[in-house]
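Structure first, commentary second.
Treat the numbers as computed from the prediction; the structure is a model and nothing was measured.
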Amino acid sequence: MQRVPVIEARELTKTFGDFTAVDAISFEVAPGESFGLLGPNGAGKSTTMRMIGGTSLRTSGSLRVLGLDPEEHGPEVRASLGVVPQQDALDEELRARDNLIVYGRYFGLPLSYLGPKADELLEFAQLTEKANAKVGALSGGMKRRLTIARGLVNEPRILLLDEPTTGLDPQARHILWDRLFRLKEQGVTLVLTTHFMDEAEQLCDRLVVIDKGRIVAEGSPQELIRQYATREVVEVRFGSARNAEMEGVLRSITERIEVLPDRILLYDDAGESLLDEINRRGLNPLTSLVRRSSLEDVFLRLTGRSLID
Amino acid sequence: MTEVSFTGLDHAALARRTRRWGWLQYAGYRQAAEKPFFWTAFVTALGNPVLYLVAMGLGLGSIVDADVEGVRYLWFVAPGLLVATVVSTGAQFGTWPIFAGFKWQRFYYSAHAAPIEPWQLPLGEGVAISVRLLVQAALFWLVAWAFGAWPSASSLWIVPIAMLAAMAMFAPLMAYAATLEEEGLQFTFVQRLVVMPMFLFAGTLFPLASMPIYLQWIGWLSPMWHGTQLARVASYGLAVPGWLLAVHIVFLVACVVGGLWVAAHTFTRRLVR
């Protein structure tokens, strides 16, 4: 059975005056898929998200969400969407549970539905013990989970997450990823923006890399890594003064090198043996590290810039 | 339980209902979100009239020997104080809370990310605020009644009149507040150069007609004056020609309707980009 895409964008463009925020991007999202928009700040990810919800009007191109044009059918589209914005926008004065209930009012959901739903969502977000705590007293990670719970109050078919873990500590990020992964397992379509490569790798089946409003690559995290990076990366530091001067020597050892201000990245499928070779030649880096390559490396390769500039 | 249940909610039906009743859904949200502030608002609403009536009615009234417009000073001043108090609340609601909804708490963005349409938000705000203004006016009326400030039962009309006058102040201010991107001194100017003169020239403490004619126009532009005049008609039967009565009502209704109409546009411009 052919699966009709839940989101279909063709040549989607958004300009603000002279500035082109989104530049003729096309993509599709299949039902149940976890789809990522990856790119640095200002790449056009959030604008794309807002156009999906019909809260930003496109300049040109076409966009269908659940078969509808979000500009014409805003309420119909948004009734099926769960939105987790970049800023939590919770009611700080209200208790955690009340936040879910009052949010449900936006959808016109009855209290008989919202009461049990709020309890269920608090449990899902691991916030049952904080049900009666004021939001102002919750940690950043808890607020984020509450915002996700809030986005689920209308049983959305698509959950839009704009930078879901920005500003969270590693432990809070992992808890959040776990919750999102469970939603994905339940068949909820996830669309998320992130500028974290590890997040995209953890959560996305497929992603597009956006830079300056354009899609520069598309595929699964593994495909992108295979295509634009190598299996492993050796990071070496010679100190900021020597990094540039070592470039020539290193190029004779391996083909792909990226020289960053603080370190040099060497792309190779066999990182350990490459590092052995560096040491054998007596180059003596101050520090060295062999790691698996990531989407960060893909982005660097595609744009020549680091993601988190 | 670690799963979220999906019960097959009818999203199309939610959207249909929201297209029609979104403004009411938003008003319901607003009322619920105000819950933590209920007691503060309640005590203020009861305390204000006591303070005003003691200070103005009994204090100032004790040195005003003569009747004003043919009635005791307390009877004269009480409708004005009630209207002035409720209109001031309307003016407050029309400034910082609206700004906060865009800038700090961002609840307008949250509501718009749900199925609610931008134009429904100011209407919903208006409905939610109206209820609060109505309650505040009713509480003031009760306290003033205990002070013997009402000569007639028809003074009860002052409650909806005050709400109307307050909405006439609130709606245009809300339309303006929705256009402000940054917090500046705008609201301070509004408070000092718009609301304050409207209060001073609203005929609250003395008849506007006792001012020089070249200053009276300030009062004519003030929802507070129009509301106060209507309130005096209701309370002690102030003699006002029929055409002027109509002007008072039309002015207030026009401010409310015009304010909401402009707000629907300023909210839309702000939220849909």
Is any side-chain heavy atom of [Y] closer than 4.5 Å to one of [X]?
{"X": "A:R78", "Y": "B:H112", "result": "yes"}
{"X": "A:E76", "Y": "B:H11", "result": "no"}
{"X": "A:P85", "Y": "B:R106", "result": "no"}
{"X": "A:L57", "Y": "B:R273", "result": "no"}
{"X": "A:V83", "Y": "B:Y109", "result": "no"}

Testing the basics here: between [X] and [Y], what is the closest heavy-atom pair and its distance to 0.1 Å?
{"X": "B:R19", "Y": "A:H73", "value": "NH2-CA, 3.8 Å"}
{"X": "A:K117", "Y": "B:S5", "value": "NZ-O, 2.8 Å"}
{"X": "B:P115", "Y": "A:Y106", "value": "CD-O, 4.1 Å"}
{"X": "B:A33", "Y": "A:V102", "value": "N-CG1, 4.4 Å"}
{"X": "B:L9", "Y": "A:Y113", "value": "CD2-OH, 3.6 Å"}
{"X": "B:A32", "Y": "A:L94", "value": "O-CD2, 4.1 Å"}

_Return the OG1 to CD distance between B:T7 and A:E120, rounded to the nearest 0.5 Å._
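Answer rounded to 0.5 Å: 8.5 Å.
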*A:D88 CG to B:Q105 CD distance, which is reported to the nearest 0.5 Å*: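 CD of B:Q105 is found 13.0 Å from CG of A:D88.
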*Structural part of B:T18 lying under 4.5 Å from a heavy atom of chain A*: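 Side chain only.
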*Side chain, backbone, both or neither of B:L271 within contact of chain A (heavy atoms, under 4.5 Å)*: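 Backbone only.
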Quick one: of [options], who has the most non-hydrogen atom pairs under 4.5 Å with chain B?
{"options": "A:T47, A:L160, A:L183, A:L109", "result": "A:L109"}
{"options": "A:G53, A:A89, A:S80", "result": "A:S80"}
{"options": "A:L81, A:L152, A:L121, A:N154", "result": "A:N154"}

Heavy-atom distance under 4.5 Å to chain B: side chain of [X], backbone, both or neither?
{"X": "A:L66", "result": "neither"}
{"X": "A:V77", "result": "neither"}
{"X": "A:Q186", "result": "side chain"}
{"X": "A:R50", "result": "neither"}
{"X": "A:E92", "result": "neither"}
{"X": "A:N99", "result": "neither"}

Surrounding [atom1] of [X] (heavy atoms of other residues, nucleotides or ligands, distance under 6.0 Å), is the total greater than 12?
{"X": "A:K130", "atom1": "NZ", "value": "no"}
{"X": "A:K184", "atom1": "NZ", "value": "yes"}
{"X": "B:W104", "atom1": "CH2", "value": "yes"}
{"X": "A:E185", "atom1": "CD", "value": "yes"}
{"X": "A:Q171", "atom1": "CD", "value": "no"}
{"X": "B:W157", "atom1": "CH2", "value": "no"}
{"X": "B:F189", "atom1": "CZ", "value": "no"}
{"X": "B:R192", "atom1": "CZ", "value": "no"}

*Of the listed residues (B:R17, B:Q31, B:E117), which shares the most heavy-atom pairs with chain A below a 4.5 Å separation?*
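That would be B:E117.
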*Taking every heavy-atom pair that is under 4.5 Å apart, which of B:P36, B:G124, B:P118, B:A12 has the most such pairs with chain A?*
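Top count of heavy-atom pairs under 4.5 Å with chain A: B:P36.
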*Is any side-chain N of the basic residue among A:E93 and B:K35 closer than 4.0 Å to the acidic one's carboxylate O?*
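Looking at A:E93 and B:K35, the cut-off is not met.
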